[in-house]
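Okay, so here's the structure we're looking at.
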2 protein chains.
Amino acid sequence: MTAAGKHQVSRTETPRRGSRPGRAGIRDVAAAAGVSITTVSDALNGKGRLPDATRSHVREVADRLGYRPSAAARTLRTGKSGLIGLTVTTYGDEPFTFTEFAYFAEMARAATSAALARGYALVILPASSRHSPFDVWQNVALDGTVVIDPSDDDQVVTELMRQGLPVVSDGRPSGDLPVTAWVDNDHEAAVLELLDHLADAGARRIGLLTGTTTDTYTRLSTTAYLRWCERVGQDPVYESYPAHDPCAGAVAADRLLARPDRPDAVYGLFDPNGTDLLAAARRYGLRVPEDLLLVCCSESTVYASTEPPITTLSLKPRRIGTAVVQLLIDAIEGLNTGQPVEQVIPTELIIRTSSQRRPPRTTVSAPRSPSGD
Amino acid sequence: MTAAGKHQVSRTETPRRGSRPGRAGIRDVAAAAGVSITTVSDALNGKGRLPDATRSHVREVADRLGYRPSAAARTLRTGKSGLIGLTVTTYGDEPFTFTEFAYFAEMARAATSAALARGYALVILPASSRHSPFDVWQNVALDGTVVIDPSDDDQVVTELMRQGLPVVSDGRPSGDLPVTAWVDNDHEAAVLELLDHLADAGARRIGLLTGTTTDTYTRLSTTAYLRWCERVGQDPVYESYPAHDPCAGAVAADRLLARPDRPDAVYGLFDPNGTDLLAAARRYGLRVPEDLLLVCCSESTVYASTEPPITTLSLKPRRIGTAVVQLLIDAIEGLNTGQPVEQVIPTELIIRTSSQRRPPRTTVSAPRSPSGD
DNA sequence: TTGAAAGCGCTAACAA
DNA sequence: TTGTTAGCGCTTTCAA
């Protein structure tokens, strides 16, 4: 063993003051291995040009001492934490709403595994930040952040970008909010395709169940619907409701089917609309798909086994979550060219019974009363 | 402005070497405010006994400079990161499975908001850890960790506890795995209550759809079922399948209803079993609840609007997620007494049409008193 | 091939 | 009331 005595470490047995109790530090390993802390660092991180003997010896000693490098120290020194933020809108106490739930869960799941695969971990953070020292945002060292549907003047995004941290958004940013990159679907194209599909299945008057919120998804989808109506010369038939209220959807579905100009096909923009509409149809004695064609935007697999199975539009949250994280990590690691990157993920229309009318026979019948069968 | 010149900071305009570009550090704020860095730290953190004038002046300057304290440095110094790990079992590429999905999502959601409310953020981490420097676990400074259903000899848990970090588990630890605290349901009591409910509704032969895995939940629930059968003198009728395989459930449901000793009531242990069983019943021309009573363990709201609505057992993942995080943070902050803490969360049987053979009233009566109606 | 030394940016004793 | 100073544990030039 080479001259352990010449190193800067405790030749005495008393641990340095302030040292964390019980846990071995890099100095302890160096002392025990009879090398310098530099050598320990290099050996453990696969750097430097050490002989294999030294390397394995150091590793062995570190192992024996149960040495775990301090992530905080490494982060402070290198400026990289390996942590990626994922913002989550909170409504009252709960992060994200019932409506966004399946989408978000799938997206987060994909994002998590994509991040882990590249050696990063996801930190869940609220979409807004108070300007106080107790704010979580202040306490976490992030290499970059994924944001979901940032608003026009999102303060968190603005601040992060100002700090020089990359921000990638799920959903194209509205206004002139600067982001490093974004990923989104082509919502307009998706709606147009879907409406054409319903028309092909025999729909004469297609209704829309939409939201009162002004987020990009709702806005683009509704606009596309209105444009389509204009193009084919149909009067728009739609009902709006606050999508974050889990009860309001059922009421709105009912309202839509109770109208004198009742549609013979409906597209629901939000995940629970399928079951809501199905239940409403049942109340009015409408058979699906014979009397009413149904499509909703959803990521839930339950629509494969409802009675009847319901056609859904999937926004492919898994692909979005993966893409968002890849773009972010590329930006963190300086792998992309520097100009804003935009990525459009295709949607998928999963056609099931509810949007396929059997032999196109009956014309639209007159509205029935809620009780009638 | 008081003697700025006497401070140790750059009276020259050149930033210190190595300083992060563009971002103001505590020294810059101190210099600009004409105070020492200690005063800046104290002013910003509400510590020390500074006059309000100094405090607000410093805050103003910090604000003007866009000063953001370095989380890494603070963590290194204080030993607290404000970060809590949440482990997630990965199957292949994807974190958590379809089966656990709704439960996990709800639990994680509650855990996230509970953590945020106390100033902590959740970091999603894989349930296993390679022993390599590229392992995510090595790169994140955690104050403590929540683990879901740790196995008998969970290496990650063992290692964390050895490091002196608190670990709270969702699901009682099996074997003699040491954890700081755990939260769980009383799975046996829940199953017994549910079987009694089915028997009260007229079930003569209750079947079970269970898993082939050996996790605690599956094991305890199955054991409870077998014990109940023995007590009432019924032959057990059950089918097992690998619960993480999304397709296997439907097959097993079919198998169960195809048996010569076909049950007249079934309890499914996993979330998708409800729709699987409903579909299987339809295939065999069995009416629910007339010919077949159905209950499954699920957190999904879709069972409220299936045809017919299906009775579910909820494990209350929200309450579990909240409890787990509270216990963990209490442990981190040294608020609890030191001995192991165990917390049992009651389950909830949500009674719907599928398990009520008697007059279809919507009123939910106590499971044990069928005579009242 | 290895080691010494200089910090990363902050907080908290201890001085003044 | 405020400032000086000594590190937290690591990585990284630079020197030997």
Side-chain angles (χ1 to χ4, degrees), chain A residues 1-10 15-21 23-31 33-55 57-58 62 67-81 133 138-139 141, chain B residues 2-9 15-21 23-31 33-55 57-58 62 67-81 133 138-139 141:
Chain A
M1 192 168 293
T2 58
K6 77 178 177 188
H7 301 305
Q8 75 225 54
V9 243
S10 48
R16 285 157 307 107
R17 60 163 270 231
S19 188
R20 50 186 174 181
R23 288 194 54 182
I26 197 172
R27 290 174 171 84
D28 303 304
V29 178
V35 296
S36 77
I37 59 170
T38 308
T39 303
V40 174
S41 178
D42 285 350
L44 262 31
N45 294 323
K47 303 204 168 170
R49 311 143 301 274
L50 313 175
D52 283 354
T54 313
R55 207 175 284 275
H57 175 229
V58 169
Y67 168 70
R68 292 280 162 272
S70 149
R74 177 192 263 120
T75 300
L76 178 57
R77 183 61 236 238
T78 61
K80 298 262 151 268
S81 67
Q138 305 274 340
N139 281 311
Chain B
T2 58
K6 75 179 175 186
H7 301 304
Q8 76 224 53
V9 246
R16 284 158 306 108
R17 59 163 270 230
S19 188
R20 51 187 175 181
R23 286 194 56 183
I26 197 172
R27 290 174 171 83
D28 303 306
V29 178
V35 296
S36 77
I37 58 170
T38 306
T39 304
V40 173
S41 178
D42 286 349
L44 262 31
N45 295 322
K47 302 203 170 172
R49 311 143 301 275
L50 312 175
D52 284 354
T54 313
R55 208 176 283 276
H57 175 228
V58 169
Y67 168 69
R68 290 282 162 270
S70 149
R74 177 195 260 114
T75 299
L76 178 58
R77 183 61 235 241
T78 62
K80 299 262 149 264
S81 67
Q138 304 274 341
N139 281 311

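Throughout, protein chains are lettered first and strands after them, A, B, ... in sequence-line order, and every chain is numbered starting at 1.
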Under-3.5 Å N/O pairs linking protein and nucleotides 12-16 of chain D:
from	atom 1	to	atom 2	distance (Å)
dT12(D)	OP2	Lys47(A)	NZ	3.2
dT12(D)	O4	Thr38(A)	OG1	3.1

Does [X] have a side-chain nitrogen or oxygen under 4.0 Å from the phosphate oxygens OP1 or OP2 of [N]?
X: Thr75(B); N: dC8(D); result: no
X: Ser36(A); N: dT2(C); result: no
X: Arg74(A); N: dT11(D); result: yes
X: Thr39(B); N: dG3(D); result: yes

Please tell me which of the listed nucleotides, [options], lies nearest to the side chain of [X]?
X: Leu76(B); options: dC10(D), dG9(D), dC10(C); value: dG9(D)
X: Asn45(A); options: dT11(D), dC10(D), dT1(C); value: dT11(D)
X: Val35(B); options: dC8(C), dC10(D), dG3(D); value: dG3(D)

inquiry  = So for the helix from dT1(C)-dA16(D) to dA16(C)-dT1(D), with five pairs setting each end axis, what is the inter-axis angle to 10°?
reply    =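 The two end axes of the helix from dT1(C)-dA16(D) to dA16(C)-dT1(D) meet at 40°.
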
inquiry  = When you compare the side chains of Thr39(B) and Ser36(B), does any donor N or O come within less than 3.5 Å of an acceptor on the partner?
reply    =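 Note: Thr39(B) and Ser36(B) side chains meet the donor-acceptor criterion.
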
inquiry  = Has Thr78(B) got a side-chain atom pairing as donor or acceptor with Arg74(B)'s backbone, closer than 3.5 angstrom?
reply    =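 Yes; judged by distance alone, with no hydrogens or angles, the pair exists.
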
key: Distance in Å, Gln138(B) CD paired with Leu44(A) CG, rounded so as to fall on 0.5 Å steps   =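 Gln138(B) CD to Leu44(A) CG: 9.0 Å, rounded to 0.5 Å.
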
